[in-house]
Amino acid sequence: MLTFNLKKEWFDKIKSGEKTHEYRRMTPYWQTRINNALEKDEDFTLQCKFCSGYPNANDKEKILYANVLRIWSNVNGLQTDLNIDEPVFDIEFELIKE
């Protein structure tokens, strides 16, 4: 499972449904994290966890879960909310309804 620790602003946009893509710089760190998550995913339903900051494990108000729909690589970061001129991963997700 991929875990994303986010600022409250981005967490709230995901929670409201306004944000359905998470973007990360294409670095060796994120390449390894994504590859490891995909290798551990035996039933082809990769999930991710969004955390508002670094909450306690039992703080359900600050944790959301989602199914990863697609992961694109080499997306131009200028066309994302990162607004950087370098390649990024585009992780499209759908929140899991409780």
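Distance check: Thr27 OG1 to Glu86 CD gives 9.0 Å after rounding to the nearest 0.5 Å. Expressed to the nearest 0.5 Å, how far CD1 of Ile96 lies from SG of Cys48 amounts to 8.0 Å. Phe93 CZ to Tyr65 OH: the interatomic distance, rounded to the nearest 0.5 Å, is 15.0 Å. Annotation: the span from Leu2 atom CG to Ile71 atom CD1 amounts to 6.0 Å, rounded to 0.5 Å. Remark: Leu69 CG to His21 NE2 distance equals 8.5 Å, nearest 0.5 Å. Within the model, atoms CD of Glu22 and CG of Leu82 stand 7.5 Å from one another, a figure rounded to the nearest 0.5 Å.
Between Lys15 and Lys8, the closest side-chain pair of non-hydrogen atoms is not below 4.5 Å. Side-chain contact between Arg24 and Ile34: absent, with no pair of heavy atoms (C-beta onward) separated by less than 4.5 Å.
Of all the heavy atoms in Ile63 and Pro55, the pair that sits closest is CG1-CG, 3.8 Å. Of all heavy-atom pairs spanning Phe11 and Cys51, the tightest one is CD1-C, 3.9 Å. The heavy-atom pair separating Lys13 from Ser16 by the smallest distance is O-OG, 3.1 Å.
Hydrophobic clustering places Trp10 together with Phe89 (ILVMFWY residues linked when any side-chain heavy atoms are closer than 4.5 Å, directly or through intermediates). One hydrophobic cluster, built from ILVMFWY side chains closer than 4.5 Å, cannot hold both Val88 and Ile91; they sit in different ones. One hydrophobic cluster, built from ILVMFWY side chains closer than 4.5 Å, cannot hold both Trp72 and Met26; they sit in different ones. Placement of Phe4 and Leu38 within a single hydrophobic cluster is found when ILVMFWY residues are connected by side-chain heavy-atom separations under 4.5 Å, directly or transitively.
For residues 74-84, the set of pairs meeting the side chain to side chain donor-acceptor pair (under 3.5 Å) definition, not counting sequence neighbours, comprises Lys19-Asp81. A salt bridge (charged side-chain N to carboxylate O under 4.0 Å, His left out) check over residues 63-73, counting only residues at least two apart or in different chains, returns the pairs Arg70-Glu92. The salt bridge (charged side-chain N to carboxylate O under 4.0 Å, His left out) contacts involving residues 47-59 comprise nothing, where partners must be two or more places apart or lie in separate chains.
The main-chain N or O of Gly53 is found under 3.5 Å from a side-chain atom of Asn5 such that the two form a donor-acceptor pair.
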- Message: Apply ring pair (Phe, Tyr, Trp, His ring centres under 6.0 Å) to residues Trp30 and Tyr23 and explain how you reach the verdict.
- Response: CA-CA 10 Å; Trp30 278 104; Tyr23 304 102; over 10 Å; no
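Remark: Tyr29 pairs with Arg33 by the side-chain hydrogen bond (donor to acceptor under 3.5 Å, both in side chains) rule, at least two apart or across chains. Here Glu94 pairs with nothing under the side-chain hydrogen bond (donor to acceptor under 3.5 Å, both in side chains) rule; sequence neighbours left out.
In this structure, Leu78 shares a hydrophobic cluster with no other residue, the cluster being traced through Ile, Leu, Val, Met, Phe, Trp and Tyr side chains under 4.5 angstrom apart.
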